[in-house]
Amino acid sequence: MVLVGFAVGSMVGYKGGVIVLVGNGFSNNLTQYDDFAPGSLFDPGGMEPFSFDVTDFSAQWLYTGPRAGMARSSWRRSPTARRPTGQSVATTCA
């Protein structure tokens with residue numbers, strides 16, 4: 001049953017990627033995507049209408065340790081874990 005659901009979803013669904021900069025927005029239509037891979041039975045008329053604007057963005061990165069290169073907010077610290085000794089810098093996309 002899982003395989004059938006996966007197969008049907010792959011045929012009628014789609015995958016897409018887009019880079020949105022601060023101050024810009026995105027609306028869900030084919031012309032807005034940077035990368036778009038439709039399934040073999042994909043119908044563009046069935047795309048859900050939505051849009052959003054990016055007004056602010058910042059991230060803190062880990063520069064040392066086993067999680068170097070990851071955004072600080074993308075991992076959870078256990079209550080007994082020690083604070084990373086790496087340096088973190090706040091970045092803003094523009």
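What you are looking at is a predicted structure, and each value in this text was computed from that prediction instead of being measured.
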Revision key, fill the gap. All heavy atoms of Leu21 vs all of Val54, minimum pair found to be O-CB, 3.9 Å
Study note, to complete from the structure: Those residues at least two apart in sequence (or on a different chain) that pass side-chain contact (heavy atoms from CB on, under 4.5 Å) with Asp43 are none
Exercise for review: Output all residues satisfying side chain to side chain donor-acceptor pair (under 3.5 Å) with Asn28, sequence neighbours left out; order by chain, then residue number.
Suggested key: Tyr14, Tyr33
Practice item. Identify, with sequence neighbours excluded, every residue that meets side chain to side chain donor-acceptor pair (under 3.5 Å) alongside Ser40. Key: none
Review point. What are the two closest non-hydrogen atoms of Ile19 and Asp34, and how far apart are they?
Key: N-OD2, 2.9 Å
Review point. For Leu3, which residues count as a side-chain contact (heavy atoms from CB on, under 4.5 Å) partner, sequence neighbours excluded?
Key: none
Review point. With sequence neighbours left out, what residues match Asp53 under side-chain contact (heavy atoms from CB on, under 4.5 Å)?
Key: none
